[in-house]
Amino acid sequence: MDLQDMGDKISQVLVTGDEIDAKLEEMAQQIDKEYKECEDSLLVVGVLKGAVMVVADLVRKLHTSIDMDWMAVSSYGAGTKSSGVVRILKDLDTDVTGRNILIVEDIIDSGLTLKWLKENLITRGAKSVKIATILRKPEALKVDIEVDFLGFDIPNEFVVGYGLDYAEKYRHLPFVGILAPHVYGG
């Protein structure tokens with residue numbers, strides 16, 4: 001599916017598929033450099049569901065030995081806004097004790113859930129926890145969260161594609177675009 005298939009549902013493409021691919025290559029090189037001295041394999045933790053595309057494309061570019069696992073977490077509160085209260089919907093199958101962990105996200109909005117997740121993994125005994133994300137909305141951040149490997153900073157708009165959805169649609173788009181307000185009633 002491409003932009004023409006979307007009709008008037010996407011008001012603007014923010015990041016093309018080619019730009020994403022090039023940035024993931026750059027991020028993979030940075031990650032390889034960071035973990036080249038590690039004796040154990042790096043544990044890549046993808047955050048479901050949005051990070052599936054990012055993880056799949058990123059890990060295929062790595063030369064570092066890795067293990068992969070997945071978590072699903074939900075930050076819930078009133079309406080559509082994150083409260084920072086997090087519950088684990090799907091936990092890791094891997095023991096993180098003494099492991100170097102790389103959390104891979106599709107996007108960082110408020111940062112509340114990711115901050116909680118990082119702290120949670122540290123309290124479980126992880127040796128180190130670093131963060132990689134393809135997108136970040138600096139204007140939406142509510143907490144200070146260090147991103148070790150960053151793709152793109154984007155405006156605080158409702159975006160879809162490359163793992164990001166609206167009502168479980170549009171995740172499969174090969175680009176990141178602003179969803180037209182008439183689609184979601186905004």
Side-chain angles (χ1 to χ4, degrees), residues 14-15 20 23-24 27-28 30-31 34-35 41-62 64 66-77 80-97 99-138 140-154 156 158-176 179:
L14 289 177
V15 188
I20 291 168
K23 185 58 78 170
L24 287 173
M27 291 170 66
Q30 294 169 349
I31 292 164
E34 177 75 21
Y35 292 101
S41 57
L42 174 65
L43 178 59
V44 174
V45 174
V47 182
L48 295 171
K49 297 178 186 173
V52 169
M53 304 290 192
V54 183
V55 172
D57 290 343
L58 179 64
V59 299
R60 289 182 292 181
K61 295 178 184 309
L62 291 174
T64 301
I66 67 159
D67 296 324
M68 280 194 313
D69 206 342
W70 300 91
M71 282 189 86
V73 293
S74 173
S75 180
Y76 55 95
T80 59
K81 299 294 182 189
S82 171
S83 67
V85 177
V86 179
R87 64 187 176 116
I88 297 173
L89 303 175
K90 188 250 178 253
D91 206 348
L92 297 172
D93 297 322
T94 308
D95 181 7
V96 301
T97 306
R99 300 290 304 265
N100 291 304
I101 298 174
L102 178 64
I103 300 171
V104 179
E105 267 283 22
D106 53 347
I107 191 166
I108 299 174
D109 272 301
S110 70
L112 293 167
T113 302
L114 192 56
K115 181 177 173 135
W116 179 90
L117 181 56
K118 181 175 182 177
E119 290 170 357
N120 178 276
L121 294 172
I122 290 168
T123 62
R124 293 188 198 192
K127 182 177 180 180
S128 71
V129 179
K130 297 202 180 230
I131 296 169
T133 187
I134 195 67
L135 303 170
R136 176 178 63 184
K137 294 181 180 178
L141 288 171
K142 293 186 182 340
V143 294
D144 187 30
I145 184 90
E146 183 178 349
V147 177
D148 304 282
F149 309 100
L150 174 63
F152 304 93
D153 279 330
I154 62 170
N156 191 13
F158 197 139
V159 293
V160 294
Y162 202 68
L164 299 157
D165 76 301
Y166 170 66
E168 294 301 324
K169 293 178 176 43
Y170 313 112
R171 288 188 196 278
H172 65 294
L173 297 176
F175 57 83
V176 174
L179 190 63

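One-based numbering along the sequence shown.
- Listed by chain and number, the residues in a side-chain hydrogen bond (donor to acceptor under 3.5 Å, both in side chains) with Thr123 amount to none (sequence neighbours excluded).
- Ring geometry for Phe149 versus Tyr35: interplanar angle of 30 to 60°, hence tilted.
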Under 3.5 Å, sequence neighbours excluded: what are the donor-acceptor pairs made by side chains of residues 47-55?
{"from": "Lys49", "atom 1": "NZ", "to": "Glu168", "atom 2": "OE1", "distance (Å)": "3.4"}

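- With hydrogens and angles ignored, the 3.5 Å screen pairs no side-chain donor or acceptor of Thr94 with any backbone N or O of Val96.
- Minimum interatomic distance between Met71 and Ile88 (heavy atoms only, all atoms of both residues): CE-CD1, 4.0 Å.
- Distance alone, capped at 3.5 Å, places no donor-acceptor pair between the Asp69 side chain and the Val45 backbone.
- Residues passing the side chain to side chain contact (heavy atoms under 4.5 Å, CB included) test with Asp144, sequence neighbours excluded: none.
- Listed by chain and residue number, nothing satisfies the side-chain hydrogen bond (donor to acceptor under 3.5 Å, both in side chains) test with Asn156 (two or more places apart in sequence, or in another chain).
- Here the CG atom belonging to Leu114 is positioned 10.0 Å from the CG atom belonging to Leu141, to the nearest 0.5 angstrom.
- Across all non-hydrogen atoms, the minimal contact from Leu92 to Trp70 is CD2-O, 3.7 Å.
- Here the side chains of Val86 and Leu112 are not in contact, with every heavy-atom distance at 4.5 Å or above.
- With sequence neighbours excluded, no residue satisfies salt bridge (Lys or Arg N to Asp or Glu O under 4.0 Å) with Asp148.
- In this structure the side chain of Ile131 never reaches within 4.5 angstrom of the side chain of Glu146, judged on heavy atoms.
- A salt bridge (charged side-chain N to carboxylate O under 4.0 Å, His left out) check over residues 122-136, counting only residues at least two apart or in different chains, returns the pairs Glu34-Lys130, Asp91-Arg124, Arg136-Asp153.
- Side-chain rings of Tyr162 and Phe175 stay apart, their centers remaining 6.0 Å or farther from each other.
- Not counting sequence neighbours, Lys169 has no partner by the side-chain hydrogen bond (donor to acceptor under 3.5 Å, both in side chains) test.
- Between the CG atom in Leu43 and the CZ atom in Arg99 there is a gap of 5.0 Å [rounded to 0.5 Å].
- Among all heavy-atom pairs drawn from Met27 and Ala132, the shortest one is CE-CB, 4.1 Å.
- The ring pair (Phe, Tyr, Trp, His ring centres under 6.0 Å) search around Phe152 returns none, not counting sequence neighbours.
- Lys61 places no side-chain N or O within donor-acceptor distance of the main-chain N or O of Leu24, the cut-off being under 3.5 Å.
- Counting all heavy atoms, side chain and backbone alike, Ser74 lies closest to Leu89 at CB-CD1, 3.8 Å.
- When side chains are defined from C-beta on, Thr133 counts as touching Leu150, because their heavy atoms get closer than 4.5 Å.
- When the salt bridge (Lys or Arg N to Asp or Glu O under 4.0 Å) test is applied to Lys23, the partners found at least two apart in sequence or on another chain are Glu26.
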In residues 100-109, what donor-acceptor pairs under 3.5 Å come from side-chain atoms, sequence neighbours left out?
{"from": "Asn100", "atom 1": "OD1", "to": "Ser128", "atom 2": "OG", "distance (Å)": "2.6"}
{"from": "Asp109", "atom 1": "OD1", "to": "Lys137", "atom 2": "NZ", "distance (Å)": "3.2"}

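- In this structure, Ile20 CD1 and Leu135 CG are separated by 7.0 Å, a value rounded to the nearest 0.5 Å.
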